[in-house]
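Reviewing the structure listed below.
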There are 2 protein chains.
Amino acid sequence: MTTTTRDRIVGASAELFRRQGYTGTGLKQIVAQAEAQLGSLYHFFPGGKEQLGQEVIRWAGLLYQRLVEGFMIAAPDVVTGVRDVFAGAAETLRQTGYADACPIETVALEVATTNEPLRRATAEVFGSWIESGTRGFRRAGIRSHEARSLAIGLIAALEGAFVLSRAMRNTEPLEAAGEMVAQAVERAISATG
Amino acid sequence: MTTTTRDRIVGASAELFRRQGYTGTGLKQIVAQAEAQLGSLYHFFPGGKEQLGQEVIRWAGLLYQRLVEGFMIAAPDVVTGVRDVFAGAAETLRQTGYADACPIETVALEVATTNEPLRRATAEVFGSWIESGTRGFRRAGIRSHEARSLAIGLIAALEGAFVLSRAMRNTEPLEAAGEMVAQAVERAISATG
DNA sequence: GTCTATATCTCGATAGAC
DNA sequence: GTCTATCGAGATATAGAC
């Protein structure tokens, strides 16, 4: 393993922010988990916690986008792809004791009205996800406007199901929400031919 | 106005937790906004921040449930009711500068893996919401199992749309998610007759 | 019940040796 | 680049007068 100190700090931050949120995670906890020193953190991120937060949001957001795109590309059709995304999320949640869901959701809610630079970072990530989903649905023959609505509906249902599933500690919400989205996509496909 | 000190503390906490989250809100900020003193807070809540958090989650959760039930009851049919709930949420979000969405969502994500008593409180609130929604859909003639799935889908879509709308500062996610849920309910109704 | 003062701890951030 | 010591501010919580 040849991970740099900088990478370990970003990785540890992403994991902790995802589970405990931004305000709930201290810089000392981050460097401890990253097996780094506080001086190194400020060396790589002179802007402190906020700069680190921005980079973590963008990095984790892109990684998660690729993960979901992987599920969609691997599936034989988009409806199956949607079901696979929700099933995969449920599987991860179960395996991590309902800890690892969306990497930026908790942070996004925390900073939405308290930290404008971080809020913008989360908005850009969500915007990129919506565009990615829209492209996927368009490729399946769905017309532009509806493709975008379905992409937003998919992401919203997934994020909301994460909240319910993490709080209630069962995957029923992910299953119900996934089925609702899958059927909406199915309807849109059969309507377009 | 004859609000008691205790009520003002609970009300101020609810507003601040909703906007800034649990870890992001200090007890001194709460008593300042409540125009109360720290001693009063510990007089009414000897269990400190955690006891206050539990009470706020349950109180705000019940209040919000009644708000949504009000929209559903006032509507001429359930599909219109669903649309009204999302439209009402969008209106509130716009009016409050995208600050006031779900009263317990941010807290629920923060505590899901860090504070078991608070996690249980959020789980109970979500459970109560799901039961309320299930009853509403059953009254419209939808069979039990599907009514529950739709209730979960509705809450998940609403919660997820809140995340997107607050981060992106526009109500498009609430509109897209609301339409997806409304059509799912419409389909379930016409299938049952 | 209300209010003030304070104890103890942890936070983010900085300085400077190496 | 790494590491340690420490700063000032803010956190939760407590004690005790009134």
Side-chain angles (χ1 to χ4, degrees), chain A residues 1-57 106-107 109-111 113-119 121, chain B residues 1-57 106-107 109-111 113-119 121:
Chain A
M1 87 153 174
T2 39
T3 61
T4 67
T5 299
R6 201 194 135 96
D7 289 344
R8 290 201 313 279
I9 289 173
V10 172
S13 301
E15 184 178 327
L16 291 167
F17 287 165
R18 153 140 78 173
R19 299 185 178 189
Q20 309 177 341
Y22 180 76
T23 54
T25 302
L27 296 183
K28 291 190 178 158
Q29 189 184 8
I30 289 173
V31 295
Q33 172 150 336
E35 295 183 272
Q37 252 60 38
L38 201 55
S40 300
L41 190 152
Y42 277 96
H43 171 73
F44 292 113
F45 304 95
K49 192 180 189 183
E50 189 172 294
Q51 186 190 347
L52 174 60
Q54 281 195 50
E55 180 147 335
V56 168
I57 288 166
T106 310
V107 177
L109 286 174
E110 287 179 283
V111 304
T113 53
T114 59
N115 187 314
E116 185 62 13
L118 293 185
R119 190 224 110 219
Chain B
M1 84 151 173
T2 38
T3 62
T4 68
T5 300
R6 201 194 134 95
D7 288 345
R8 290 201 313 279
I9 290 173
V10 171
S13 301
E15 183 178 328
L16 292 168
F17 287 165
R18 152 141 76 173
R19 299 185 179 189
Q20 309 177 340
Y22 179 76
T23 55
T25 302
L27 297 183
K28 289 186 179 163
Q29 189 184 6
I30 289 173
V31 294
Q33 173 151 336
E35 296 183 271
Q37 253 60 38
L38 201 55
S40 301
L41 190 152
Y42 278 96
H43 171 74
F44 292 113
F45 304 95
K49 193 180 187 182
E50 189 172 293
Q51 186 190 346
L52 174 62
Q54 282 195 48
E55 180 147 335
V56 168
I57 288 166
T106 310
V107 176
L109 286 173
E110 287 180 284
V111 304
T113 53
T114 58
N115 187 314
E116 185 62 11
L118 292 185
R119 191 223 109 219

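Order of the sequence lines fixes the chain letters, A, B, ..., with proteins taken first and strands second; residue numbering starts at 1 for each chain. Every heavy atom of this structure was used, including side-chain atoms; hydrogens, water molecules and symmetry mates were not.
Distance NZ (Lys49(A)) to P (dG12(C)): 4 Å, rounded to an integer number of Å. Whole-Å rounding puts the Leu52(A) CG to dA13(C) P distance at 10 Å.
Applying the side chain to side chain donor-acceptor pair (under 3.5 Å) criterion to Thr5(A), with sequence neighbours excluded, gives no partner residue. Remark: Glu50(A) engages Asn115(A) in a side chain to side chain donor-acceptor pair (under 3.5 Å) (not counting sequence neighbours). When the side chain to side chain donor-acceptor pair (under 3.5 Å) test is applied to Gln37(B), no partner is found at least two apart in sequence or on another chain. Partners of Gln20(A) by side chain to side chain contact (heavy atoms under 4.5 Å, CB included), not counting sequence neighbours, listed by chain and number: Leu16(A), Thr25(A), Gln29(A), Thr114(B).
Taking each heavy atom of Ser13(B) and Leu52(B) in turn, the nearest pair found is OG-CD2, 3.4 Å. The two residues Thr106(A) and Arg18(A) make their nearest non-hydrogen contact at OG1-O, 3.8 Å. Considering all non-hydrogen atoms of both residues, Arg8(B) and Ala34(B) come closest at NE-O, 2.8 Å. Pairing each heavy atom of Gln51(A) with each of Phe45(A), the nearest pair is OE1-C, 3.4 Å.
Sorted by first and then second residue, the salt bridge (charged side-chain N to carboxylate O under 4.0 Å, His left out) pairs with a member in residues 19-33 of chain A read Glu15(A)-Arg19(A), Arg19(A)-Asp100(A); sequence neighbours excluded.
Interface residues of residues 12-22 of chain A facing DNA chain C, ordered by number: none; criterion, heavy-atom separation under 4.0 Å.
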- Query: Which letter, B, S or -, goes with each nucleotide of nucleotides 1-10 of chain D from 5' to 3', with contact meaning a protein heavy atom under 4.0 Å?
  - Reply: SBBB------
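Looking only at side-chain heavy atoms (C-beta outward), Ile30(A) and Phe17(A) come within less than 4.5 Å of each other.
Residue contacts shown for Thr25(B) are limited to sugar-phosphate atoms, with no base heavy atom under 4.0 Å away.
The rotation axes computed at either terminus of the helix from dG1(C)-dC18(D) to dC18(C)-dG1(D) lie 0° apart, taking five pairs at each end and rounding to 10 degrees.
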